[in-house]
Amino acid sequence: MARDKKRRVPLAEELPTGEDAFAEAAASLGFDARFENDSLSGDKELPKDDSPSDISDFLKGRKAGLRIERKGRRGKTVTLVEGLGLDDVSLKSVAKELRKALGCGSSVEDSRVVLQGDNRERAGRWLSDRGVRVRV
């Protein structure tokens, strides 16, 4: 049996040693490693996807119902956030923020947000902080 030839790994002498060694190594492997600004100084603020103030704006004054459900989910408990009256795009952003804030999985099903686990109290507190009237 003949052995397959393996890819040749560059020796230490062949690796780039210049000022921007990482970019040279990435370029030699076929990656584009050009950046406009490589420094991450504290002066600049990183961009935010959905800030809580944006979500608070379209949640303020709404009503929501929280309940748990186990049927049809193989015995797993989920928390349903119903009655927000938002479109699918807005519901997805609310589900994403809830997922980040509560540390649980979330999705949107039939114009309701589904949270993994029994998170009625925590989700209710999060929603009421953003101006939603919650009934449990």
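Hydrogens, waters and symmetry mates play no part in the numbers below; they use all other heavy atoms, side chains included.
- A distance-only check finds no donor-acceptor pair linking the side chain of Arg62 to the backbone of Val132 [under 3.5 Å].
- No donor-acceptor distance shorter than 3.5 angstrom exists from the side chain of Ser90 to the backbone of Leu86, with no hydrogens or angles considered.
- Minimum interatomic distance between Ala123 and Leu66 (heavy atoms only, all atoms of both residues): C-CD1, 4.2 Å.
- Every residue meeting the side-chain hydrogen bond (donor to acceptor under 3.5 Å, both in side chains) condition with Arg70, not counting sequence neighbours, appears here in chain and number order: Thr77.
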Apply side chain to side chain contact (heavy atoms under 4.5 Å, CB included) to Arg67 and Arg112, showing your working. CA-CA 11 Å; Arg67 67 183 179 95; Arg112 356 177 243 196; 3.4 Å; yes

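- Within the model, atoms CG of Leu115 and OG of Ser106 stand 6.0 Å from one another, a figure rounded to the nearest 0.5 Å.
- Put simply, CG on Asn119 and CG on Leu98 are 9.0 Å apart, with the number rounded to the nearest 0.5 Å.
- Side-chain atoms of Arg120 never come within 3.5 Å of backbone atoms of Thr79 as a donor-acceptor pair (strictly under, hydrogens ignored).
- Across all their heavy atoms, Ala95 and Ser107 have their closest contact at CB-O, 4.4 Å.
- For Glu82, the CD atom is densely surrounded, since the number of other residues' heavy atoms within 6.0 Å is greater than 12.
- Here the CD-CG distance, from Glu97 to Leu59, works out to 10.0 Å after rounding to the nearest 0.5 Å.
- Taking a 4.5 Å side-chain heavy-atom cut-off between Ile, Leu, Val, Met, Phe, Trp and Tyr, the cluster of Val78 extends to Leu80, Val114.
- Placement of Leu102 and Val136 within a single hydrophobic cluster is found when ILVMFWY residues are connected by side-chain heavy-atom separations under 4.5 Å, directly or transitively.
- For the atom pair Asp88 CG and Ser111 OG, the distance stands at 7.5 Å (nearest 0.5 Å).
- Checking side-chain atoms of Arg73 against main-chain N and O of Glu69 turns up no donor-acceptor pair under 3.5 Å.
- Separation of atoms CZ (Arg122) and SG (Cys104) is listed at 6.5 Å; rounding is to 0.5 Å.
- Of all heavy-atom pairs between Gly124 and Val134, the closest is O-CG2, 3.9 Å.
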